[in-house]
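Just the heavy atoms: all of them, side chains too, but no hydrogens, waters or symmetry mates, feed the values below. This structure is a prediction, so every number in the text was calculated from the model and none was measured.
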Amino acid sequence: MYKFEGNINNIFIISSKSIFFILTQTEEGTFNTMEYNFADIEGRAKEKWAKEKVYKVSNESNKEKFYILDMFPYPSGAGLHVGHPLGYIASDIYARYKRLKGYNVLHPMGFDAFGLPAEQYALETGQHPAVTTEKNIKRYREQLDHIGFCYDWDRQVQTSDPKYYKWTQWIFLQLFNSWYDRTENKTKPINVLIDFFIKEGNKNHPCPDNDLLLFDDTTWANYTEKEKRDTLMQYRIAYQGYAEVWWCQNLGTVLANDEVVNGVSERGGFPVEKKNMRQWFLRITEYAERLLNSLDKLEWSEAMKEMQRNWIGKSNGMEIKFQIAFNNETEFDENIQIENLDNNNIEKKIVTKNTPEIKVFTTRPDTIMGVDFMVLAPEHELLAAITTNEHKSDLNDYIQYVKSRSERERISDVKQITGCFTGNYVIHPLTHKKIPVWVSEYVLAGYGTGAIMGVPCGDDRDHAFAKFFKIPITNIFGIKYTGEKAYSEKTGTINNSGILDGMSIQEAGIAAMKALSKVGQKKTNYKLRDAGFSRQRYWGEPFPIIYHDGIPYGIDEIAEIIPQNNKSETDFSLPVELPMVKQYKPGPDGQGPLANITDWVNTDYGTRETNTMPGYAGSSWYFLRYMDPNNSHVFADRKATDYWQQVDLYVGGTEHAVGHLLYSRMWTKALYDLGHIGFEEPFKKLLNQGMIQGKSFFTDSFYAFEEETNEKVLFLISHGRAINFEKPFVWNDKKYKKSPGSNEFRLRNAHFFVDAKGRLTKTSFKDLILFEGAKESEVDYLLNLVIWNGKTEDDEWYILCNSEIEKMSKSKHNVVTPDDIVNDFGADTFRMYEMFLGPIEMSKPWDTKGIEGVHRFLKKFWRQFFDEQKGWVINNEAPTNEELRVLHKTIKKNW
RNA sequence: GCCCCGAUGGCGGAAUUGGUAGACGCGCCAGACUCAAAAUCUGGUAUUCGCAAGGAUGUGCAGGUUCGAUUCCUGUUCGGGGCACCA
């Protein structure tokens, strides 16, 4: 028994790369062993932290603030694996470092608790998502506590908690009640816009949804309530529009992209198709320029900024109108109704002779004389109207085909060229030649105008299209274009182009814009699309929206328009709580499960919106809630947000590069514009940790038939050796004949059992199949189906495995959890090993075997202070000059 | 397909500004201690030729810039992440 009288509180090991914190933060105490007893040390520390709330953070402090945040996890049923804590450990070390440097450090943790997997699990097992989510969070919390983080758990947020999503809904209403003033580049309350409409109509504030919409003050005054609200809807930041979703008839539900695999539903393998549905959107496109420009101010990696830039996808070009060339008058039906991919929901538009033109967007007006055809997106609104009768049935077949294709497939299958001729033509604005109009899946409705001018000699995709459909190609690049491959570089001169002849590409661009000024205009286009904000699901935030006379109102407005004398029994205040249900089956017509709960849907003053919000709703603003997590009057007190400001360091994976990070940035800007917070970028500095990958093991396997019984048996064999069994063979006194071919066989969880040389011995194989749930009685039978490769030094049979590095995930059965590591080696060893694996930003495979070295290091380190013979060897004497010299040399060397 | 990132011994990686490639750790080999084992300590360990001294080769591949390239440039291959409803 040794008495510890030292007063060391924090021991740091400082190296040039990382700072490791040793949990040894302890008061006077005794250690009952001279060995490095991590369980004892860490146990005491954690007890003390919890008891004394050591890491409680106050918003009242004279210290300088520092906000360090991890991307909060989705609490999945699989629990944390060793990959998750990598970033958490790094940020934890930095948080402790900053705290010791004298900062008031906000370092919270919470849970992104709404999501599809919980609902999916509920569908399969009948367990309510709230129950499983609670269970998972408890487990995550235990796991996190094991690792010894310095979070202030009193600030934990959970997106599925009504106290939290009350404010998610409140922010949604702010966005619903706002519009974007382009003249000032600012989000403003919708009332400001209404005032403009009353005074002058919309002449100074063109409609973002429809640039043709124009009305004056009198027209506005004469609009019905519905017309007014419909018009305002086209301006709101949170608005309703139409979008396509994957629809699965057999399951009667809408599927996420994730749930559609190889063109069929993941569950059940049923056919799926695109369906157009009324949806909520966030008008993020209005913020495109600001989102792009303020990237420059952020301390993010260039790669990450580049990804956001590409996602926003700004391109300068020109929008050009092409007249439709009707073959004869009868082919243009004055009253034809537009039929699109889905005609149920689309507002019917009438095409008349007053709108007989098609707009295209191009970044290369210099190539205008090389236009040989035009391609429309299959969703293009004029498509049905311009297609000649002769081509109608081909077109319908083609559109049917496109419905089954994902957007990804449509743009990435460059080898497979598909399309359909409409039979119609447009007139080239300069040459007045007839240009054939085609339709093809590679043109997307959501980008530009949903139509392109095909310039085969200058664009690879157009070139392939022209070659495939044998459309004659005009060469405007002279010898630069060989006839084999499009010339897409931006150097050289333009030929064969009339007035543009002999000009450089740049000069021709300017000249062409001038020549086309009557039929076109300069235009900046963004690839960024408005963000779909509806999900036909149960486990998400309900919308605080009520339909009254078919018009959507925010529940804050409903409360106002209810006549005073008409006392409503419905509670029209926030939050709109997610009702408890027993069933998670989809509602009718692709609606979410909420549509089935008629009691909830029908209120005294209209029906509720039955969609729920998407996963990113809660995560778009959670960093604000940590600042003032228990406030029931406001999402976070202005004093708190003014004190903590931006997140100084945000740590998380690159997989969120565009989704979450972009949406958060937009919400922050909107809240800033509306005066709710004092800063307009959420995350000042961003650190992307790499992924820790898992190692999966495989053997070969093949089927063979026993000669007498014709019984089909699966054999496992060392990797690459199946080929040796092409001839009939004898195994355990029975004759077998191998069926042709062999397959890779995934050995689930074999990473726990395979030796360093990739061998799985008979003993460890037995352990593996028992671990995987085999019964003792089956073991011998199963072991008999393994064709051993040879014997180890210890005279044991083994089979040779092949390994692959892949994502660590439950579905791949290669997960290593931190719990086992922490139990065996302690949190300090685990933390240090994770930091020791390599650069934080890089992906690297997990290998439990390497952990021994780090553990030995900590043991050695412990012995520096605790001698076997003398016991505790530190004291409070002043260091000698020699000792100081060594200390400072070491610091200098390592820092 | 497009965008971003990466590739160095048996393994994770180091070399941060273009200047001795392989720090540190794992694994492996040998030795010390021990009746023995564990733990601990010491030494060796890129490949290849050589008894040795020593030589040659070597940072995915092919080129280029440079007195000099793991580092900069071009092309290419492979792996990872994202591509708008997984989170």
Please write out the pairs of protein N or O atoms and N or O atoms of nucleotides 29-31 of chain B separated by less than 3.5 Å, giving the distance to one decimal.
none

Kindly state each residue pair satisfying salt bridge (charged side-chain N to carboxylate O under 4.0 Å, His left out) with at least one member in residues 246-261 of chain A, sequence neighbours excluded.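 For residues 246-261 of chain A, and leaving out neighbouring residues, the salt bridge (charged side-chain N to carboxylate O under 4.0 Å, His left out) pairs sorted by first residue read A/E259-A/R267, A/E259-A/R537.
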Tell me the salt bridge (charged side-chain N to carboxylate O under 4.0 Å, His left out) pairs involving residues 611-620 of chain A, sequence neighbours left out?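 Applying salt bridge (charged side-chain N to carboxylate O under 4.0 Å, His left out) to every pair that reaches into residues 611-620 of chain A, excluding sequence neighbours, yields nothing.
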Partner set under salt bridge (Lys or Arg N to Asp or Glu O under 4.0 Å) for [X], not counting sequence neighbours:
X	answer
A/E286	A/R182
A/R529	A/E407
A/R139	A/D819
A/E441	A/R405

Side chain of A/K859 only, heavy atoms from C-beta on: which candidate in B/rG12, B/rA39, B/rC26 is closest?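 Closest of the options to the side chain of A/K859: B/rA39.
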Got a sec, which residues hit ring-ring contact (aromatic ring centres under 6.0 Å, His included) with [X], two or more places apart in sequence or on another chain?
X	result
A/Y487	A/F477
A/Y121	none
A/F683	A/F623, A/Y650

What string of B, S and - do you get for nucleotides 76-87 of chain B, 5' to 3', if B is base contact, S is sugar-phosphate-only contact and - is no contact with any protein heavy atom under 4.0 Å? ----SSSBBBBB
Produce the list of close N/O pairs, under 3.5 Å, pairing protein atoms with atoms of nucleotides 8-11 of chain B; give distances to one decimal.
none

